[in-house]
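Notes to accompany the following structure.
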Amino acid sequence: MHTQEVGKPMDIFIATLPQQIINGLTLGAVYALIALGYSMVYGVLQLLNFAHGDVYMVGAFIGYGVMMAFIPESGPLFAPVIIIILMLLVAMLGCGVLGIVIEQFAYRPLRNSPRIAPLISALGVSFFIQNAIQLTLTAQFRNYETEKLIAPAAGIDLGFARLSATRALVIVTAIVLMIVLQYLIKRTRLGKAMRAVAIDREAAAMMGVNVDRVIIFTFFIGSALAGAAGVLTGIVFTRVWHFMGFAAGLKGFTAAVLGGIGNIPGAMLGGFILGLAETFAVGFISATYKDVVAFVVLIIVLLLRPRGLLGARIPQKV
Amino acid sequence: MSQGRKPLLLVLVLALLLVATNAVVFAQAPEQTIKVGIMGPFTGPAASIGQEQLNWAKLAVADFNAATGWNVELVEGDTQIDPAIAVTIAEALISDPEIYAVVGPAGSQEVEAVAAAFVDARLAHISGSATRPSLTTSGFDTFFRTVPTDAAQGPTDGNFLAYELGVTKLFVIDDQTSYAVGLADEASAAFEAAGGEILGRESVTQEDTDFSSLATVIGASGAEAVFFPGQIASQGALLARAFAEQGIEVILFGADGFFSVDDFIAGAAGTTEGAYVSAFAPDIHDLESSADIVARYTEQYGEFGTFGPPTYAATIVALEAIQRAYEAGELSREAVRDQVAATDQELSVLGGPLAFDENGDVLDASFYIFQVQGDNFVLVPTSADEAEPEATPSS
Amino acid sequence: MSQNKIGVDQWVEQYDQRVNKAKGLQGFIARTSQRLPPWGWLIVLVAVGALLPVITQNNFAIRIAGNIALMGTLALGLNVVVGYAGLLDLGFVAFYGIGAYTYAYLSSDFSGVHLPTWVSLPIIIVISALFGLVLGSPSLRLLGDYLAIVTLGFGQIFVQLMTSLTRVSLPGHERPVDLTGGPNGIINLDKLSLFGFTARTVTDHYLILLVVLAVALLVIYHLNRSRIGRAWRALREDELAAEAMGMPTRRLKLQAFAIGAAVAGFSGALFAGWQGSVFPANFDTTLLISVYAIIVLGGLGSLPGVVVGSIVMVAAPDILRDVTLAGTLFYVGVLVTLIGAIRPRWQTALLIGLVVVFGVIVRLIVGALDAQALAEPQLSNSLITNTVRSWLIIPVNATIIGNYAFGLLILMVLGVSRIKHSVWRLAALVPTLYVLIFVWETRLSQEPSVTRLLFVGVLLIVLMIYRPNGLLGQKRVEIV
């Protein structure tokens, strides 16, 4: 798709639409993974975990560290696939543990407090992580050296658009993770317990569900997904830095609400829709008003469906 | 409950005493404590720029202290790029009588918010990065800067694109900072005056990392070149990567902030090859006269871009002005301000003479346009070098 | 506050009894504070506040006090929306911005209009309240956190529009028009002028803000005790029940939004007049976080809490800016925490002694292994710092080792807080404290800007854990 002739707006729209869909799906895959963690935690605790974006940032840095460790000047030590899988696994594990630690120390003591208290301690955690990273790793931007793993030229030229191998990797990885998550939640005992706790924590506890274990599990999975999102962001957009979690966290929150907060397929759908909405805003309206367009979409959706796209109409508890 | 209370009170009293005695010792410190303030975004979204400036200022103070045997302290004021915080910090620096000069603030909007307070306090402040033209023409006689204004750089860039590169269709991006918006406006005006056509103007934020959809738009617009005077070099690299990924061929032209070997060349993995960057400072990596400073900076703090060295220059200007005022026997803020105005360095870290005009702008500002070739920036000779940069600022 | 016992549960009842029984100074303070009527408190506040410019000529101190009053007023508005009506409004700062920008339009060369402040203020209040109604209307349909995200979006959109509405094509204009000044904002605003009095110095502004805060406290206090205030609380506790009791919940919500927005717009106007300029960056999410922290730290719904919260949230970060003072506060803070947390008290002395011995041993070991690794301590103006630095080991490559020690410190602190057995805990505290001091001297004291925010983060977490209802919040029964 080399520089094209300037045509009518409609022609440009049709010509660039496929490429913009690819762009939007990539962005949406990342948003969806972040939104999942938000939504899962919300589901079991009704807590807006504002430190979630920073967990994602830590994931991106862990991935960066692993990548640098296995790609010295002389070239990659293993096959690229193995390195990428390692990056994902280490980041997911690290972030999962981080999520559990955050839950244990910042949220658990506040479990029976007014709802806004953990919100503030979440902000405290977010401040702490961000500045701890800046203190130890400085405020400099780091660049993933993706090109040493995946050749920039690799990809499929569809004629009307180009799907690079990196983007394909990101989208496929995200979808695989989502399928695994669905399996965990639908088929395993812990997953079932998680759904039970989400519906009614006290009733679940009375039925013998170990609520604490479920909450730890939820934080682990949600944070691990954020870690994966961080690594995928690094692979496709290359730049990582200490402040990246802030905006990403807000996007994840938006996507989770868009889909119906607490609803897991909703978070996935919300992520993809938000990614596409932002991309289309840049592509066909204006890059300047990207966030405005995204929020207007959100507001319209919520006005039509006050509980998000897939949010269930649970009768209000009295 | 009640028996534990008295010791607690005792402890509090003791603690207060401790604070008080420490303060007393503090007051007995040598009378000749001299401090220099620095204001910039050292945390938050713009921390990468702020920290680079802070590190250069630290180095300047260390160099000065080593050379003179003085013990000047650097006082940090973190503005987090919010003008309201900058105002509070300005007040903090002003109310410390041991501070004789201030470096910064970094952003033009911060300078606008604090300049009046500094005028009232007669405290000189020298920015190494605020480029909005109107800052030096608003009567703030305590404000100086070691970088030329957008009114001077913008036309250079616009003309270079139109005349030297022969571009007729340009796409312009800014990053919503007062720096980038100002420079983009000035360059667009010059480019249009030269007969070129601006196909689009978009804004991104400094937090953006996904430039793929914007790249698609630019590719479809038929633009021959993109002018993106962003502050964050890695964003230039991200845009270049997005172009390469989609096979779009346009000339990328950045400014100042993009001048970073690490982020704009190494971080782009070859996709910025051939891109242009105009800079208000020369590449001090290659300056023989600054090699020593560069080596010490790199050893302590790592790589750097263009925002740091002008701050080093600004810090040195402040310190030398204090030294001259002290040696002349009158160490006061007013005297230091006068000495800053009288600055006449033969060779600054930026590789040339450094002096200010009556408004506080650098005299004989010159610009450098570089092209990315291989692993380095290569200076491009331009005809604009001889042309006198326009002195009349517009706001 | 003791006169209104309706809705007070058993716990509060017991608390009151305990307060009444308490002896000594603390009991005296507690009882006086309960006996002093609200207007008495207000007089104390204004009197103490008005004394400040008499005590100090330091403009920085007065400016911080002014910031406290300004943030306090702003937080009062949010307190109405969140604390009383229970609506999670994350777009609140936008109203502050709307007030500030309206002030800029009404009193600057940017628009060519120059109204005196006492004329522009009522206009600003009305405009902000109208915007409050606009934003409030979706709250009729949305619940809880869905409202939060929509209002958050509103706040973001406001900042975005103020940043980018610089090239707007308007009918009747040939060239695009600059509506907001973009990131450069609107500068050279008129000074605040109230009935012939023009504010010029920092002290002038401070006094105006102090009076404004007092008036706002008075108004909100009476509002809260009125019919509408009781209705809001009912709404917050249980919307369904309130509706069933025949309360006009829609109208109540809208009223809360409008009043909160009016207070915010009003404080925004004063802010703009004081700063003399407005910029989009003034109304970022950081401000929103601060205002929320103020009302939650102080105690949601508590008016004295708002004042205390804004003192903590505004003054603490600014005090930490002073490196020498921050160092002293750090050591004093550690000491006070230890004394407060460790019983019996002689163990604290033992602990400190052990840490000193531990430090000497470490010094000896490192000195014996590699004397080259130690750097000459850099002395400063502080007695404490100098004492500590001559005892501690400061390695040559302090930054890198300090960074690792920082990571280790986090793990150690987390670990120590999990140890239940008191002897083991004391033993574990020794190296932890040593590493803490080491990290402070090698890293934290070197990076004051970052350290400041680290501490704000820790402060938020710790305060919330120990006072989930805020410093002055009333503990009340939560409805599950």
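Letters A, B, ... are given to chains in the order of the sequence lines, protein chains preceding strands, and every chain is numbered from 1.
Side chains of A/Asn143 and B/Ser234: no donor on one and acceptor on the other come within 3.5 Å. When only modelled atom types and interatomic distance are considered, A/Ser286 and B/Glu202 share a side-chain donor-acceptor pair under 3.5 Å. A donor-acceptor contact under 3.5 angstrom links the side chains of A/Ser164 and B/Glu245, judged on distance only.
The minimum heavy-atom distance between A/Thr16 and B/Ala220, with the atom names listed, is CG2-CB, 3.5 Å. When all heavy atoms of A/Ala287 and B/Leu214 are compared, the closest pair comes out as CB-CD1, 3.9 Å. Summarising the geometry of A/His242 relative to B/Gly44, their closest heavy-atom pair is NE2-O, 3.4 Å, with the distance given to 0.1 Å.
Neither the backbone nor the side chain of A/Lys148 comes within less than 4.5 Å of any heavy atom in chain B. In this structure, chain B has a heavy atom under 4.5 Å from the side chain of A/Phe243, while its backbone stays farther away.
If you tally non-hydrogen atom pairs under 4.5 Å between each of A/Asp291, A/Thr138, A/Thr288 and chain B, the highest count goes to A/Thr288. Of the listed residues (A/Arg142, A/Gln140, A/Lys290, A/Met244), the one with the most heavy-atom contacts under 4.5 Å to chain B is A/Lys290.
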Kindly indicate, with the supporting measurements, whether the criterion side chain to side chain contact (heavy atoms under 4.5 Å, CB included) is fulfilled by A/Arg167 and B/Ser212.
-> CA-CA 11 Å; A/Arg167 279 174 196 275; B/Ser212 52; 3.0 Å; yes
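The existence of a salt bridge linking B/Asp263 and A/Arg239 is excluded, since no basic side-chain nitrogen approaches an acidic carboxylate oxygen closer than 4.0 Å.
Using a 4.5 Å cut-off on side-chain heavy atoms (C-beta onward), A/Gln134 and B/Thr43 make contact.
The backbone N or O of B/Thr216 sits nowhere less than 3.5 Å from a side-chain atom of A/Gln19 that would complete a donor-acceptor pair.
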